[in-house]
Amino acid sequence: MASKLLRAVVLGPPGSGKGTVCERIARSFGLQHLSSGQFLRESLGGGDEVGVLAKQYLERGLLVPDHVITRVMMTELEKRREQHWLLDGFPRTLGQAKALDRICELDLVISLNIPFETLKDRLSARWVHPGSGRVYNMDFNPPHVQGIDDLTGEPLVQREDDRPEAVAARLRKYKDAAKPVIELYKSRGILHSFSGTETNKIWPYVYTLLSSKIPPVLSDEEN
């Protein structure tokens, strides 16, 4: 274990394979994978003040605003002051990045650059299990039974914003919000960008980068 705690972030648009890359990093390097989507789902079920607030937005079909997501994440990060961690889905905006600055200093930011057409195809083929957030892709990671979650047997849904007509607007919105975040981390010299259309081809480069910062617990081949 490295003596210094590693604080890392993976940035990437919807459909970029961010969740897969985070899972592999967490497994290979023993980092806690902290997903903003997962924490949001847990706070919705927990009935605390932030969860109730978030639910009000979601029930009206609105995006959960910055300050609510930030409160959820700050609460979780405060509990993990003594752990190596990897953030997935946060920060997405400059406001969130500045809130993160107030509680820690990041060592490493990975940005996944995936061509627009690839993202569009991936998102249009994506179905999710609402209860857990498990994601399936009908092209390269389909469920065992079409339309059914492998673990619970419950039905899968396609999110409104994964439908082809909504994808382009969603990706544009992500890009506009993420641009100043990427510029901020680039100016600090901690941003590392990886481009490609396949997670498996990007992964060895990500693994090499992380290996220079923290000793791996699994070899590249074990993934």
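- Taking the charged nitrogens against the carboxylate oxygens, Asp101 and Arg188 do have a contact shorter than 4.0 Å, which makes a salt bridge.
- Between the side chain of Tyr136 and the main chain of Gly147, no donor-acceptor pair closer than 3.5 Å is present.
- Ring orientation note: the planes of His67 and Tyr57 are nearly perpendicular, at an angle over 60° on the 30°/60° scale.
- Linking ILVMFWY side-chain heavy atoms closer than 4.5 Å, directly or via other members, places Leu34 and Ile103 in a single hydrophobic cluster.
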Checklist line | Intermediate values then yes/no, side-chain contact (heavy atoms from CB on, under 4.5 Å), Arg122 and Arg126 | finding: CA-CA 6 Å; Arg122 283 185 187 175; Arg126 187 159 90 158; over 6 Å; no
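- Taken from CG in Leu171 to NZ in Lys120, the straight-line distance is 9.5 Å, to the nearest 0.5 Å.
- The minimum heavy-atom distance between Val72 and Ser43, with the atom names listed, is CG2-OG, 4.1 Å.
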Note to self: Assess the residue pair Leu106 and Leu100 against the criterion (side-chain contact (heavy atoms from CB on, under 4.5 Å)); give the C-alpha distance rounded to whole Å, side-chain angles, the decisive distance to 0.1 Å, and a yes or no.
What the structure shows: CA-CA 9 Å; Leu106 292 176; Leu100 188 57; 4.0 Å; yes
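- Put simply, the side chain of Thr118 never gets that close to the backbone of Ile114: no donor and acceptor are under 3.5 Å apart.
- Judged by distance alone, the side chains of Glu23 and His33 never bring a donor and an acceptor atom under 3.5 Å apart.
- Under 4.0 Å is where a charged nitrogen must lie from a carboxylate oxygen, and between Arg134 and Asp150 no such pair does.
- Within the model, atoms CZ of Arg92 and OH of Tyr174 stand 8.0 Å from one another, a figure rounded to the nearest 0.5 Å.
- The local environment of OH in Tyr205 is sparse, with at most 12 non-hydrogen atoms from other residues, nucleotides or ligands closer than 6.0 Å.
- If you take CG on Leu94 and NZ on Lys98, they are separated by 4.5 Å, rounding to the nearest 0.5 Å.
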Check: Please walk me through it: do Glu76 and Arg80 pass salt bridge (Lys or Arg N to Asp or Glu O under 4.0 Å)?
Finding: CA-CA 7 Å; Glu76 293 299 333; Arg80 294 169 170 81; 2.9 Å; yes
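- Nearest approach of Leu123 to Gln158, heavy atoms of both residues: O-NE2, 4.0 Å.
- Rounded to the nearest 0.5 angstrom, Arg71 CZ and Leu53 CG are separated by 6.5 Å.
- Remark: side-chain polar atoms of Ser187 are paired, donor with acceptor, to backbone N or O of Leu184 under 3.5 angstrom.
- Tested against Val109, the residues Leu191, Ile182, Val181 include a single side-chain contact (heavy atoms from CB on, under 4.5 Å) partner, Leu191.
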Margin query: Is there a side-chain contact (heavy atoms from CB on, under 4.5 Å) between Leu210 and Ile25? Walk through the geometry before answering.
Written below: CA-CA 8 Å; Leu210 264 294; Ile25 292 173; 4.2 Å; yes
Pair up each side-chain donor or acceptor in residues 5-22 with any protein partner under 3.5 Å, not counting sequence neighbours, and list the distances.
from	atom 1	to	atom 2	distance (Å)
Arg7	NH1	Gln83	O	2.3
Arg7	NH2	Arg81	O	2.9
Ser16	OG	Pro13	O	2.8
Lys18	NZ	Gly12	O	3.2

Next item on the list: Report the C-alpha separation of Arg24 and Asn200 in whole Å, then their side-chain angles, then the decisive distance to 0.1 Å, and conclude whether the side-chain hydrogen bond (donor to acceptor under 3.5 Å, both in side chains) test is met.
Entry: CA-CA 11 Å; Arg24 289 188 184 183; Asn200 284 344; 2.6 Å; yes
Margin query: Set out, in order, the CA-CA distance, both residues' side-chain angles and the distance that settles side-chain hydrogen bond (donor to acceptor under 3.5 Å, both in side chains) for His84 and Gln32, then state yes or no.
Written below: CA-CA 6 Å; His84 295 286; Gln32 285 267 323; over 6 Å; no
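- Residues Phe39 and Phe90 keep their aromatic ring centres 6.0 Å or farther apart.
- The nearest pair of heavy atoms linking Pro155 to Ile148 is CA-CD1, 4.3 Å.
- Looking only at side-chain heavy atoms (C-beta outward), Pro215 and Phe29 stay at 4.5 Å or farther from each other.
- A donor-acceptor contact shorter than 3.5 Å is absent between the side chain of Ser124 and the backbone of Asp121.
- Going from atom CZ of Phe194 over to atom OG of Ser111 covers 9.5 Å, rounded to the nearest 0.5 Å.
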Check: Yes or no on side-chain contact (heavy atoms from CB on, under 4.5 Å) for His129 and Thr152, after CA distance, side-chain angles and deciding distance?
Finding: CA-CA 9 Å; His129 174 242; Thr152 63; 3.3 Å; yes
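- A distance of 11.5 Å separates CG of Leu40 from NZ of Lys55, quoted to the nearest 0.5 Å.
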